[in-house]
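What follows is a single structure, written as structure tokens, with notes after it.
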Amino acid sequence: MKTLLFILAQVPVPKDLDLPLPMPEWFLVGVLVLSFLLHIIFVDLMVGGVLLTLWFEWKGLRNKGYDALAHEIAKTVTVNKSLAVVLGVAPLLAINTLYTIYFYSANALTGLAWIMIIPLVTVAFLLTYAHKYSWEKLAQQKELHLAIIGVSALIFLFIPFIFLTNVNLMLFPEKWGTVKGFLEALMLPNVLPRYLFFTVGTLAVTGLFLFWYFGRQSYEFEEKLPDLNRYQVRKMFYGLAFGALAVQVALVGPILISTLPSKGISPTLVITLLAGVALVAPALYWMWQDMTSPNPVHLDRHFGKVASLMLVTVLVLGSGRHIYRANAIEPHRELMAEKTAAYRELIAQHAQAMQNNPTGELLADAGGGAGEAVFQKNCSACHAQDVKVVGPPVTEMVSIYKNDPEGLKKWIKAPGKKRSDAPQMPGFAQLSDGELQALSEYILHIN
Amino acid sequence: MDFPIFHLDFLNNRVLIAIIAILHVLVNHALAVGFIPMVTFMEWLGFKTQDERWDKLAYKIMFVGFVITTTIGAMTGVGIWLSSSLINPYSIGSLIRVFFFAWFTEWIVFVTEVVLILIYFLTWKKSNASFRSKGKHILFGIGLSIASWFTMAIIVGILGFMMDTGNWLTERSLVNGFTNPIYLPQLAFRTPLAMVMAGAMGLFLTIVFTKKGEEIRYKALRFLGGWMLFWMPFSLAASLWYYKVIPTLMIGNMAVAVGTQDFQDWYNLLTKFIFGAPGVSFIVALASRWKPQQVPAYAYVVPVVVMLGFAGIFERIREFIRKPYVIGNYMYSNGIRVDEYPLLQKEGVLKFATYVKHREVTAANKVEAGKDVFMVACSRCHTTSGINSIVSVFDRMYGGKGQPFPQEAMKNYIKNMHNARYYMPPFPGNEKELDALVAYIAQLQVYPESIEGVQTAGTPIQTTREEIQQLSERILARKESERNNKQLAEKSNTQAILKQ
């Protein structure tokens, strides 16, 4: 049992790609953290938008006003989802470049789920379009219409599991030998808390966004949503954001941090995370003040500050995430770099040795002259002297071309298809005239 | 290739990439690169003639393009990436390191393209309000057309690079991806091809969105027929140019590339199809240009199908002719670099592999180690029981009647196969591993077995504690000597200063 555990705990140290990073590492890290921030905001708006569309359309079954609200939210989703995808390319590129081995290994180990992202998201997108563009047509078949967005919402809620499993698994090479497939990788500690953190965060971001969206001067609220009150609707979204943020700070954040495997935790990380939490506190305070103010005009009073603070918070937390990642795999990266260097040295040494002693076994010459060498290299894969291998034996060639060396050469350069029991021979246009001459002489002199 | 090995034994790994990639190219060419300029042109026709029927038709056609490109188009684009990183991580990882900047620029152009397509489609109806806003909208269409073309122009650099690394091997600079001899002809070929494909799509959608007898239907058919006819000569000229610059050895692969090895005889037929598809489309285009009333509606399905087929076959050939390399002259399609070969052929591939069961072939583990060799050297393109299975390939070679494989001959074949079948990379392992591989394949013939990839079976790991210890010692020794060197340098510095 002990040996088994020992084997299970093996840490793979693979060789890295032997190409330098294309940009300085700090630049790639900057691209990763910043572009991921942009990406995740639109992902939040997409997922949160779909969830709220579903919620309000369902509420709209009793109150028509909410149905119209759901439709308005749905219109934002089809835009935000396109931006979410396209903005995801940059962080994907950066993580591919910086953490090639880690990311791809995690991808391979959860391969089926990983590639299912493509059809699943495509279907979810098509469903959101179908849902948005069939609003009037399916007005009388609300169950069907709700089912469409319901399936889409389920898919959107599932996809983050795949991503989170991957970005988690990549940090733990010591687990790569123990997980068998996506589900086992999903069960590793910290994936579920991360998921919880993501979903609650989604509601907070979407709440803030919709609060702003429906508050814009240019948004003709009374025309588009005549049955609802702008102040009430906006207060509701602000409340959603407030609630989600409070839950995040008081409950989910602590769970996330306390389940973080200890190997990547450092003082810098703790300070960064605490700074992130500290930034949320004033934002919560201002939101509470604005929502409870008896004067409706005050609802917006601190919004600019709140939104900026939130942006900074997300940036700080994103940096924390990066610090953890860097800490967690740094020792392993160093081992891997050393292994890659050692392998590079071996290759160079070997090449050197080959140069000094070119009669290695690879270049072994059978000693029968140029023709035989050409035959060995190009023909012996399929032809033997007196038995059929893939193609006919040499003796048979001799019987056909005994008096026609030109015909043999022509055939070798551009063969046709003669035999039903053998695949067609490929052409050897790359042979020089000299090689061809030597080869045909060699063949025709075999008896 | 030193990764946990993802493997699809039934579908075949390459087929997964192929399905996603071909779908993406079709959507990209037919519904974006060629489509947007065509739709913008139609919108402009409506603007110029102040005939709102043009505008309505163009909008409906654009709706299809919008929905498909922002769902299937966008996701398959990401999908090519995800699937290649599963199947050949070394290759895609290397490409990204070489082409980081191109990819990054691609991303910026791509974001621009998406933002413009959102603006273009979603503000279409609003823009009909005034003369000025409509003009602006058409300008957006032109900007979007340029952006879509640029995304293609950049990615073609990467594709051209994979087929022929040009000077990159010696100079290692990004520019070489774009100055290599295949770049311009490929771009010149794809551009009009996309226009023709979009025209075929446009014809079909016009039939869907208009009724028989409606005047606008025939106007649009005439216009789109002319559109296709205009681009076809460019397409033909560029394809000849493209064909001419494909390196000679790649052309040597053509017969196999077109029909896959088992269907080599189809070569002629497929060549006919390649010329036939644009030919048929030419006839339909010609007819709808001059006699649109007399063309039956179902005829418009034909150019869509044949042009999609044509583009699909083109991609298949392009993919194939770069073999045996995945990155020309740098990395073979098994993910092993050319410069690794001499070492591996002497010492063996297993010795340096992390994710295999055995690092050495012994009498006792021969067949199992042979399976490891198969996974490292063959599994990127071959399966054991599915599409392009190693058993069926050898069976076909040795007569196709299920006779027991001649093992000695197989060894000789595998050793020399790169010369006999240029598209096959040389066998990367040593003599013992070749023995093991052949033993494994021979057993597969008797006892078929489907290999599970790491995505379901997990992965064995061969890094030993001793190895980690050795590596740690190397690191310490290196750091130590770095520190000493630094101290020495400082010392000599201070001495130099003191002397002064």
Side-chain angles (χ1 to χ4, degrees), chain A residues 10-15 17 19 22-23 79 82-83 85-86 89-90 93 96-97 100 104-105 107-112 114-115 117-118 121-122 125-126 129 176-177 179-181 334-335 338-339 342-343 346-347 350-351 354 362 377-378 380-382 389-390 417 421 423-424 426-427 429-430, chain B residues 2-4 6 20 67 70-72 74-75 78-79 82-83 85-86 89-90 93-94 96-97 100-101 103-104 107 110-111 114 118 249 252 264-265 339-340 342-343 345 352 354-355 396-399 409 412-413 416-417 419-421 453-459 461 463 467-468 471 474-475:
Chain A
Q10 259 183 328
V11 182
V13 182
K15 305 180 287 281
L17 300 181
L19 284 170
M23 295 278 155
V79 173
S82 283
L83 292 172
V85 171
V86 76
V89 172
L93 179 61
N96 274 223
T97 318
T100 315
Y104 289 168
S105 297
N107 296 167
L109 290 164
T110 60
L112 289 180
W114 183 245
I115 200 63
I117 290 174
I118 303 303
V121 175
T122 308
F125 282 3
L126 286 168
Y129 277 132
W176 293 353
V179 293
K180 288 186 174 43
E334 221 173 318
L335 280 182
E338 202 59 42
K339 174 148 176 176
Y343 185 62
L346 262 179
I347 289 176
H350 189 75
M354 293 274 290
L362 275 169
K377 193 173 158 210
N378 295 288
S380 69
C382 301
V389 182
V390 176
K417 166 111 176 117
D421 61 342
Q424 182 176 341
Q430 70 269 31
Chain B
D2 208 10
F3 277 96
F6 175 90
I20 299 176
V67 167
T70 57
T71 54
I72 302 173
M75 289 314 295
V78 181
L82 299 195
S83 59
S85 59
L86 283 178
Y90 260 59
S94 306
I96 285 176
R97 294 210 176 174
F100 179 84
F101 198 65
W103 244 296
F104 194 75
W107 174 64
F110 196 19
V111 173
V114 168
L118 289 170
L249 277 176
Q264 267 184 352
D265 300 341
D339 71 346
E340 291 177 88
L343 177 67
Q345 283 178 327
F352 305 102
T354 308
Y355 302 100
R396 201 164 47 232
M397 241 175 67
Y398 295 118
N412 196 28
Y413 173 77
N416 292 300
M417 70 190 162
N419 299 307
R421 308 266 175 208
V454 297
Q455 73 274 22
T456 46
T459 182
I461 286 171
T463 309
E467 197 180 335
I468 292 182
L471 288 172
R474 261 185 70 118
I475 293 175

### Message
At a 4.5 Å cut-off on heavy atoms, which part of B:L82 comes close to chain A: side chain, backbone, both, or neither?
### Response
both

### Query
Mind checking what makes salt bridge (Lys or Arg N to Asp or Glu O under 4.0 Å) contact with A:K377, not counting sequence neighbours?
none

### Message
Quick check on the interface: out of A:K180, A:E338, A:K15, A:K339, who has the most heavy-atom pairs with chain B under 4.5 Å?
### Response
A:E338

### Message
I'd like to know which of A:S105, A:A351, A:P14, A:G111 tops the heavy-atom pair count under 4.5 Å against chain B.
### Response
A:P14

### Message
Among B:T456, B:L343, B:I96, which residue has the highest count of heavy-atom pairs closer than 4.5 Å to chain A?
### Response
B:L343

### Query
At a heavy-atom separation under 4.5 Å, does B:T354 approach chain A through its side chain, its backbone, both, or neither?
side chain

#### Entry: Residues in side chain to side chain donor-acceptor pair (under 3.5 Å) contact with A:S82, at least two apart in sequence or another chain
none

### Summary
Comparing B:A409, B:G453, B:S94 against chain A, the one with the most heavy-atom pairs below 4.5 Å turns out to be B:S94

### Query
Does B:F100 have its ring centroid less than 6.0 Å away from the ring centroid of B:W103?
no

### Task
For side chain to side chain donor-acceptor pair (under 3.5 Å), just list the numbers for B:T70 and A:Y129, CA-CA rounded to whole Å, side-chain angles, deciding distance to a tenth of an Å, and then say yes or no.
CA-CA 10 Å; B:T70 57; A:Y129 277 132; 2.6 Å; yes

### Message
Run the side chain to side chain donor-acceptor pair (under 3.5 Å) test on A:N96 and A:Y104 for me, step by step, so that the C-alpha distance in whole Å, both residues' side-chain angles and the decisive distance to 0.1 Å come before the verdict.
### Response
CA-CA 8 Å; A:N96 274 223; A:Y104 289 168; 2.4 Å; yes

### Query
So what's closer than 4.5 Å to chain B heavy atoms on A:V89: side chain, backbone, both or neither?
both

### Query
Between the side chain of B:W107 and the main-chain N/O of A:V86, is any donor-acceptor distance below 3.5 Å?
yes

### Message
Less than 6.0 angstrom separating the ring centers of B:Y355 and B:F3, yes or no?
### Response
no

### chain B contact via A:A342 - side chain, backbone, both or neither, heavy atoms under 4.5 Å
both

### Message
Below 4.5 Å, heavy-atom pairs only: which of A:G181, A:S380, A:C382 has the largest tally toward chain B?
### Response
A:S380

### Contacting region of B:I20 [heavy-atom separation from chain A under 4.5 Å]
side chain

### Query
Among A:V179, A:T97, A:N107, which has the most heavy-atom pairs under 4.5 Å with chain B?
A:T97

### Task
Kindly compute the distance separating OG1 (B:T459) from CZ (B:F6), expressed to the nearest 0.5 Å.
13.5 Å

### Part of B:V114 lying under 4.5 Å from any heavy atom of chain A
side chain

